[in-house]
Amino acid sequence: MTAHRTRAATAPGRTPTSLTQGTQDGLTKGGIGESTLRPDGILKVTGEFAYSSDLWHEDMLWGYTLRSTVAHARIASIDTAEALATSGVYAVLTYDDLPTEVKHYGLEIRDTPVLAHGKVRHHGEPVALVAADHPETARRAAAKIRVVYEELPIVTDEASATGPDAVLVHEHRDDHHSGHVPHPNIVHRQPIVRGDAAAAAARADVIVTGDYVFGMQDQAFLGPESGLAVPAEDGGVDLYVATQWLHSDLRQIAPVLGLPEKKVRMTLSGVGGAFGGREDLSMQIHGCLLALRTGKPVKIVYNRFESFFGHVHRHPARLHYEHGATRDGRLTHVKCRIVLDGGAYASASPAVVGNAASLSIGPYVVEDVDIEAVALYTNNPPCGAMRGFGAVQACFAYEAQMDKVAAELGLDPVEFRQINAMEQGTVMPTGQVVDSPAPVAELLRRVKSRPLPPERQWETTEGADVRALPGGLSNTTHGEGVVRGVGYAVGIKNVGFSEGFDDYSTARVRMEVINGEPVATVHTAMAEVGQGGVTVHAQIARSELGVTQVTIQPADTQVGSAGSTSASRQTYMTGGAVKNTCEAVREKVLDIGRRKFGTYHPAWATAELLLEAGKVVTDGGEALADLADVLEGEAVELELEFRHRPTQAFDLRTGQGNGHVQYSFAAHRAVVEVDTELGLVKVVELACAQDVGKALNPLSVVGQIQGGTTQGLGVAVMEEIIVDPVTAKVRNPSFTDYLIPTILDTPTIPVDVLELADEHAPYGLRGIGEAPTLSSTPAVLAAIRQATGLELNRTPVRPEHLTGS
Amino acid sequence: MDFLRPATWQEALAAKAEHPSAVPIAGGTDVMVEINFDHRRPEYLMDLNRVAELQEWEVGEDTVTLGASVPYSRIMESLRAELPGLALAAHTVASPQIRNRGGVGGNLGTASPAGDAHPALLAGGGEVEAVSVRGTRMIPIDDFYLGVKRNALAPDELIRAVRLKKATGPQQFSKVGTRNAMVIAVCAFGIALHPDTRTVRTGIGSAAPTPIRATTAEEFLTAALEEGGFWDNGKAVPPAVARQFADLVAGAANPIDDVRGTASYRRHALAVMARRTLGWTWEQYRGKQQDERNQPCA
Ligand SMILES: Cc1cc2nc3c(=O)[nH]c(=O)nc-3n(C[C@H](O)[C@H](O)[C@H](O)COP(=O)(O)OP(=O)(O)OC[C@H]3O[C@@H](n4cnc5c(N)ncnc54)[C@H](O)[C@@H]3O)c2cc1C
């Protein structure tokens, strides 16, 4: 396999290039269902891949963002004179320098100031920008900007945010949720009421309640926020940036700059991970403002510290649940209340609320429910999209509850789940009928029937291998105090954008002959954030068009929107768009063939025709023409949009509505070993079974499942942004103290992939990226509970929670 | 910032005498972090990497002279027998990349209470060879740590080496972190048995403003072992003795609550580590004694 890189002569350096790929050996087809390798894989492992932080331009300036040092304050004054006078500084901008009337942005609610206006609402909010000829000069000049803050009282949780004298985080709300929320510090509220939970509770033999706390997780992507804005001669700007959704960025950027969208040309740069953290804008508008002000290219790269303030996090949550069941193990009802902390700005909070509410009871059949989810405005760091999106927090709580109820009934926890497992045809609390396979009981059966990993794997003839023990290389135990535990969990996640959103993707596909060979070029605006879209798009084109060579063009805004790389939707949506467009291109190619060669063979008119191995063939396998001959002197190019089935908004009072497109399911079994004296945990194995509908690329499917599983493990035992409850300041914005799993923390992750087709989806596939992130966390927690006998209602668990010290 | 690059030890000493504010840089795994975060903006940076002798070590009759810049990975690989406690501690530092760069000189230079070499150095015993154009001082390790990130070096002094006692008995090192590798200590503990002097020494990390010894615990254990004749009879240490030792170690600490852990957890964990590492070292000592007893007489 070779990956070619081409570069336009005038473009800045280290910008994205097309990825051209044939098949690995020339024998396999490289089509869907094969584990073809990533076209950018070798570039990435050899360090050659150009990430957005590598962008470079002759003559460029460096931008720097001054951020608030306090969580909530009135800005009495900002003095930029000294910073501006610093040699090497080209511009210093504050709110007053914004060029148009549009000074805010936001995914759904435009509540986020481009630069703080009169007030800061959270620690790390952007206050001013500097452009200078050296990053160090920019940083030092920013330190000379004198901001006088008059601190305001803060709100940090539900009690303080909705109490009688609560300070309002946003004083003059007029967004579309402001009319129906019970308090201005509640971004959005979604109840779901179905059946009669109170009456059903009377039928229950056992009722179990629980209160749960989910800590603030960070996406912790490895490539920090970065981009390069280059002013153009037409007064517009070219922006190269790592993001998740180019067109959503564009919609928010252009009005602030006062430019028509076509004059803000965006190109996706190398993205070093995203996980939801690049749905919101970071440096995009800032970089463009500085570039347009100075007339020079401006690059902004956050360092790790700033990155923790540069993107939203996963909503921390407090969840209250009540489950009832009859003696025979059937759930009677569920009541729950989920309070998500959205922090200072709305970001994706409303959609996270919708997800948390609609998926709050898990993949179970419960006819009588009373559900409420809210997101708060507080002075904590803003929270928004992260892999699992509201379903993660709920899964942690409802799965803990399922174990508790099973224990109360004296039932095996897996069996209890299987008794209540949903299946195709089950009605969701929203009234939506699940109309494709939902193999919940089967997934649980599969993880449970796996043989358990051997006990005491640390024992070797030379003594204890500490790498296999809790504490690892830190050498804290040689087996003392170590107890094994096993836990199970299963989850449900929606795929694609919900609640009536017009969700579509666009693909442009071109087919032509180059050097005597038929080749396809695929151009979309899909953000490749590591999920493997660039791999499957080529596979789809090969399968549909019978070519070997496929070029994937860099994603940009010169083609229609591909929607976000989130909600597990990209293979479904942009993959679906590529498939659709390829099918239309194929028809055009066949038309050309009929025109050119139709008279030579009757099958041109009568048979079902396919494109295979560079030829037009009949469904009977007879070759009619070489594609190279058909396409000689002609190229076919089409750009088409693809939509999934429409969805509906949830009723604001009852939560009823066909809100989701598709559901995905994964189950985990966790085997942990806990040093019960020191409270240290070693996850020994984390087995997963997941239904993927159709594995377009089995290797990437397993990679996604293992990655999601590991991210779920992280928030079970270590990952948490710690916010000081008194000051609302972030206490651990670094990889020294925000810990993510290392290879020694990551267990073997056997993956069992089911392929039960969803007839509504392209190729029958199911979005897969998020589901494994859900059940991983509660499975690990359940295993730790089994090992320790502790209740553990909070994640992540820390050693002191396990030792009681 | 000026960058000084002495080619020899003598040049380095002369440069440090001329510019006492110069910050030496060895592996740079602390210095570069501080510079990148702008916690420190020294006028002069002095690169010690051309001074070859700092990368060397010498094993003598009773001592090991360990050059200040010998990286952790070399200590792990080559000095396991002579300096078992330090080798174990070295293995817990950061990641392979950092262990290939960082060394004990830098750990001492930073003198962070969380530095992993310190508990092992305190337990093993040794001296820091501090050199200036004025001459050489041997600073006992016990006197080296003065406060949070403050050490006993004079402004014109550099560390040439640490002179460490070769192990005469088993040594252990344990560290609690909330991840199974690549983690800064929540707290750490080192222990060394010294059968030659019939003493036990300890070191505590990350649980006081400086790395410290748990001297009361050491004295208690040394006395208990002596009284019971344990050094000779090779019996197991009674659980009550181990427990009291563990409690005294916990009592010696003066920890705080921070993002990495609570003070009470640190005390608790120190007691567990003290009890376990005492068990491991003592069992190893007994095993060795037994082997010696079982040797056929010549
Ligand atoms: C990712 C990461 C993880 C880490 N994890 C750990 C860990 O788990 N445990 C741990 O203990 N540490 C850890 N550290 C800190 C660091 O690696 C150690 O403190 C290391 O021992 C420093 O050695 P160095 O040679 O790199 O020191 P440098 O950074 O070069 O120097 C450190 C200090 O010592 C001074 N100095 C260096 N040499 C001399 C000398 N010869 N004479 C006088 N002063 C001198 C310097 O001026 C400076 O003040 C980590 C660092 C990083 C970046």
Side-chain angles (χ1 to χ4, degrees), chain A residues 136 139-140 143 303-305 463-464 466-481 675-683 714 717-722 724 730-747 796-805, chain B residues 1 33 35-39 41 76 85 87-96 99 114 116 172-190 246 250 255 257-273 275-277 279-280 283-284 287:
Chain A
E136 196 46 34
R139 204 189 48 71
R140 288 186 187 194
N303 63 18
R304 180 57 54 193
F305 175 86
V466 291
R467 289 171 306 178
L469 280 160
L473 286 176
S474 297
N475 190 38
T476 42
T477 176
H478 295 168
E480 300 92 330
D675 181 337
T676 50
E677 279 187 293
L678 284 177
L680 301 176
V681 177
K682 168 90 182 169
V683 182
V717 295
M718 62 182 83
E719 293 190 38
E720 184 174 12
I721 292 186
I722 299 172
D724 188 297
V730 177
R731 293 180 65 195
N732 57 339
S734 81
F735 277 167
T736 308
D737 287 310
Y738 184 88
L739 300 180
I740 53 178
T742 70
I743 193 68
L744 268 192
D745 301 281
T746 310
V797 276
R798 301 171 63 87
E800 58 263 30
H801 303 150
L802 299 180
T803 59
S805 53
Chain B
M1 192 180 345
V33 175
I35 288 176
N36 287 340
F37 276 109
D38 205 21
H39 294 161
R41 225 7 86 101
M76 285 157 51
L88 280 168
H91 205 162
T92 75
V93 174
S95 60
R99 294 198 289 266
D116 287 323
Q172 277 291 345
F173 177 86
S174 250
K175 141 177 162 185
V176 167
T178 35
R179 162 162 92 180
N180 290 324
M182 177 82 199
V183 68
I184 303 291
V186 172
C187 55
F189 184 72
D257 287 338
D258 64 17
V259 282
R260 292 177 194 151
T262 60
S264 70
Y265 174 76
R266 287 185 159 102
R267 277 217 170 83
H268 166 83
L270 281 170
V272 175
M273 290 190 288
R275 179 160 46 75
R276 288 182 183 172
T277 53
W280 302 337
E283 284 309 306
Q284 194 188 335

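Convention: sequence-line order gives letters A, B, ...; per-chain numbering from 1.
You'll find the side chain of A/Glu677 stays beyond 4.5 Å of the side chain of B/Met273, heavy atoms only.
Judged by distance alone, the side chain of B/Thr92 and the main-chain N or O of A/Leu473 form no donor-acceptor pair under 3.5 Å. Between the B/His91 side chain and the A/Ser474 main chain, no donor and acceptor come within less than 3.5 Å of each other. Of the possible donor and acceptor atoms, one in the side chain of B/Asn180 sits under 3.5 Å from a partner among the backbone N and O of A/Gly471.
A salt bridge is defined here as a Lys NZ or Arg NE, NH1 or NH2 lying under 4.0 Å from an Asp or Glu carboxylate O, and B/Arg179 with A/Glu719 fails to meet this definition. Salt bridge annotation for B/Arg275-A/Glu480: absent, with no cationic side-chain nitrogen under 4.0 angstrom from a carboxylate oxygen.
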Stepwise side-chain contact (heavy atoms from CB on, under 4.5 Å) test for A/Asn303 and B/Asn36: CA-CA 10 Å; A/Asn303 63 18; B/Asn36 287 340; over 6 Å; no
Audit row: B/Trp280, A/Asn475, side-chain contact (heavy atoms from CB on, under 4.5 Å) steps and yes/no: CA-CA 11 Å; B/Trp280 302 337; A/Asn475 190 38; 4.0 Å; yes
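Annotation for A/Met718 and B/Thr178: closest pair CB-O, 3.9 Å, computed over non-hydrogen atoms. Shortest non-hydrogen contact noted between B/Tyr265 and A/Leu680 is OH-CD2, 4.3 Å.
Of the listed residues (A/Ile722, A/Asp675, A/Thr742, A/Leu739), the one with the most heavy-atom contacts under 4.5 Å to chain B is A/Leu739.
For A/Val681, the part lying under 4.5 angstrom from a heavy atom of chain B is the backbone only. Contacts between B/Val93 and chain A at a heavy-atom distance below 4.5 Å are absent for every atom of the residue. There is no contact between A/Ile743 and chain B, counting heavy-atom distances below 4.5 Å.
Sorted by first then second residue, the side chain to side chain donor-acceptor pair (under 3.5 Å) pairs that include residues 796-805 of chain A, not counting sequence neighbours, are A/Arg798-A/Glu800, A/Thr803-A/Ser805.
Residue B/Arg276 holds its CZ atom at 4.5 Å from CG of A/Leu678, rounded to the nearest 0.5 Å.
Between A/Phe305 and B/Phe37, the ring planes lie perpendicular to each other; the angle is over 60°, past the 30° to 60° tilted range.
Enclosure of atom CZ in A/Arg467 is not indicated, since only 12 or fewer non-hydrogen atoms of other residues, nucleotides or ligands lie within 6.0 angstrom.
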